[in-house]
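Note that this is a predicted model, so its numbers are computed, not measured. Start at 1 with the first residue, then count along the sequence.
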Amino acid sequence: MRTKSIKVWAIILILLMCLTTMTLFGFFASKSIMQNIELQYKKESEFVLNQTVNSFESSFYSVENFLEQLEETLLVRPKVSSDELEMLFNTYQSIMPANSSLIYGYLNGQIYQGKEMNIPSDFNPTNRKWYTKAIENKSNVIWTEPYFDFFNQHIVISAAIYVDGANNNGVIAIDFELSDLSKIISDSKLGDNGLVMLLNQNGTVIANRDNYLIGEPLFSEPYEEKMIETSTSYIPYVIDGQNYIIHSDNIQQNGMSIMTAISEEEINNKLIENLLPILVTCVICILLFSIIGYGVTLIWTRPLKKLGILMNHAENGNYHVRAKVKSYQEVTRLAKGFNSMIRAINKRDRELSISNRELKQTEEQLRRKYEELKESQRILKVSEEKVAHLASHDSLTGLLNRRSLIDELDRSIIIDGNSAKAVIFIDLDNFKMINDTLGHSFGDRLIIEVANMLKNISPLYKHVARISGDEFILIIHDIENEEQAAKIAKELVKLFDTGIVIDSKVLNVTASIGVALYPKHALTSEDLLKTADMAMYRAKGSGKNGYRLFDEGIQKEIEEKSEIEAGIRNGLESNGFELNYQPLFHTVDKKITCIEALLRVKSPELKKFNIMKIIQTAELTGQIIEIDNWVLENACNAIKQINNHLSTPINISVNISPIHIMQQDFVANVRNIVKESGIPPQWLELEITETSLMKSFEINLKKLEDLKEMGISIHLDDFGTGYSSLSYLNSLPIDHVKIDKSFVDVMLQSEKERKIIETIISLAHNTGLQVVAEGVEEKEQFDMLVKNNCELIQGYFISKPLSFEKVVLLLLEDDQV
């Protein structure tokens, strides 16, 4: 039987003991940690669930109290007229609970509502769920399931109560918009990946963060059984292919439920994060005990080496030596048999030589394994450092990312106390245009150059971060006052004055900058970023390429901008816009030869805003392109219908935003719209402003020439108000110039003002252009313009802007003359 090495057995034994201990320890540790993590998440789930349910129940309870108060008011009032009932509803509408959008009722056979509305003649409220349910349950406030509201075009739930009075009889109700319910849900958070959902009475998801799974049933099995089970305990369940632990609670008023879902994947990730230090410690212990075992093995084998020396003497012919080694039993027996086995010493020596060689090989293998393990540890350490860096820094620029920036700002607020800081929000102007025209890789290089500029600015005690595509955050610590913050912001604006050179191209990039101060403007990192963001948008809205310090007026403007932006989005989706048409009278042909399409709003959420403010906001948000396309499509369809009824076709003119003209696909958009409408291009006239031409003049000039080749007529709008109209007039492929209303308004006031009009008309005629005068409201203005051979006249003297039906009637009358 082959003899085993003592060192090998010793090391194997030590390794087995270490691995066994590590396995047992890891098993029990993982079980304990897992229980603690699950308990922590369940506590958080219980807190979020209770908080959300209480929030919903409180809101619903306020609505019920409000209805009951309104019912009592109606019961105690003597018989009142319809006007008095409408005034009462208007009064209650103004003090209605938060989150409810509309109060209305069906009393004494008529509909009343807390704000102005248009009710179709065939509308019958007795068929509505809120009405029938209130009639069926006359003693209590009832709640409906979510449904699509007839009046405000939103998904709502309604609370209603039956009014049974001698003078007032019927049903009153309050709508609760589902979007506001979704906001309550969106503000709730469970871990990083957990879900907080609102379910209706049938188990369908009706509110969730980021509108995830909206409208989908959560359970395939019976809903009632599952809700009873989840309300009493936490149960595992698969949602959209992901494993969760779910728990629920009912909302008392209307049978809806709040469901929390803890991500099992997130729990497992937390377990791995907690177990990793334990595993690293165990690996280090194995290495340490292996080294100790190797050293002990060397001590144990030392007597064998001494015995080998004696054998060497015997090989040299000294057969008188005696082995006197007395240590281990095995070695002692070997020493006692040394003298009797002297004749076989050569054979024994060979066996020992072989054993020594095997021992050395084993030692070399162990050494290599040890070196490999050390290298693996080094690689693991480097990898961990890289992962940590990637998790906290922007991959493109190497700057801090948003999460790390917030951590640094939180840490600074805690450590420095009330020491003032400035949070500077930097957003590049028109960066999307650079990406669209030069490509995203070029845009990335621009971002890197801007990041290097920000890292090299003068303040030493600062943090720089990139939080999204072209948005940067600069935190300046130990700021002295607002003047110092304003000075730094002004320096940042000047950084972009000289342009940025990339591949020999000079990019004239500008930036809009917002500044917020701690603790003056906000006390938390998130609020500081939000207020700086608001100030940045104020700077962008003031013409870009500048900076603003935060103030309360900024917040109001940003909220108004957000309201208009949402109104535009809803208006484009739900037919909230319409076109009016204003005729242009041809003084030579003595008839209307063109109409101008003018954008108007009909959605209630936008009616309170001036149309120019809506258009300015759309240009800031980029929605103006969608609006322009909508106007072009509807104008082309309108002129097609109109010309089908006229003996001589007329043209239609459409105003085009400078932002739209700058788009790379502008000409292609116009070509596609004209082609799809089926009208001849000669029927379409586009009105552009001088401002839109002066930016990238050569590029825009080529676009206008392409449109002219198609047969589309080009008008230069607001002529005379620009600073360079005359110098570019001969270069532009235009057919008409439109005299701005500001000149027409004063043309009768003095000889000087009259001469200006005559000069503009004469200049246009000398360059082969026709003239349009807008804003003509008086006969004297009309007569003077005709006398000076102005071809087209537009204004209230001719006609105010008309709806489609009215302009068709006007054109049919004009066509018969």
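The salt bridge (Lys or Arg N to Asp or Glu O under 4.0 Å) analysis of residues 562-575, with sequence neighbours excluded, yields the pairs K561-E565, E563-K608. Residue pairs that meet the ring pair (Phe, Tyr, Trp, His ring centres under 6.0 Å) test with at least one member in residues 486-537, sequence neighbours left out, are H521-F550. Contacts classified as side chain to side chain donor-acceptor pair (under 3.5 Å) and involving residues 626-635 (residues at least two apart or in different chains) are given here: D628-H660. Pairs of residues two or more places apart, or lying in two chains, that qualify as salt bridge (Lys or Arg N to Asp or Glu O under 4.0 Å) and include a residue from residues 444-456 are R445-D503.
Between the side chain of D740 and the backbone N or O of F743 there is no donor-acceptor pair closer than 3.5 Å. Of the possible polar contacts, one joining the D735 side chain to the I714 backbone as a donor-acceptor pair under 3.5 Å is found.
Every residue two or more places apart in sequence or in another chain that forms a side chain to side chain donor-acceptor pair (under 3.5 Å) with K613 is listed here: E560. S525 is linked by a side chain to side chain donor-acceptor pair (under 3.5 Å) to D410, counting only residues two or more places apart in sequence or in another chain. Residues passing the salt bridge (charged side-chain N to carboxylate O under 4.0 Å, His left out) test with K544: none are found, sequence neighbours excluded. Shown here are the salt bridge (charged side-chain N to carboxylate O under 4.0 Å, His left out) partners of D533, two or more places apart in sequence or in another chain: there are none. Looking at residues two or more places apart in sequence or on another chain, you find no salt bridge (charged side-chain N to carboxylate O under 4.0 Å, His left out) involving E266. The salt bridge (charged side-chain N to carboxylate O under 4.0 Å, His left out) check on D470 picks up nothing, with sequence neighbours excluded. For the side chain to side chain donor-acceptor pair (under 3.5 Å) test, residues two or more places apart in sequence or in another chain that qualify with E758 are R754. Looking at residues two or more places apart in sequence or on another chain, you find a side chain to side chain donor-acceptor pair (under 3.5 Å) between T524 and D527.
Remark: of the listed residues R548, K540, R538, K540 is the sole one forming a salt bridge (charged side-chain N to carboxylate O under 4.0 Å, His left out) with D427.
A salt bridge links E526 to R402: at least one charged side-chain nitrogen sits closer than 4.0 Å to a carboxylate oxygen. For E408 and R411, the salt-bridge test passes: some basic side-chain N is under 4.0 Å from an acidic carboxylate O.
Across all non-hydrogen atoms, the minimal contact from L606 to I564 is CD2-O, 3.8 Å. When every heavy atom of A618 is checked against every heavy atom of I627, the shortest pair comes out as CB-CD1, 3.7 Å. The shortest heavy-atom contact between A539 and I513 is CB-O, 3.6 Å.
In this structure the side chain of L517 never reaches within 4.5 angstrom of the side chain of N481, judged on heavy atoms. Considering only heavy atoms from C-beta on, V196 stays 4.5 Å or farther from N208 through its side chain.
Counting only N and O atoms by type, the side chains of E596 and S653 include no donor and acceptor under 3.5 Å apart. With 3.5 Å as the limit, one finds no donor-acceptor pair spanning the side chains of S404 and D407.
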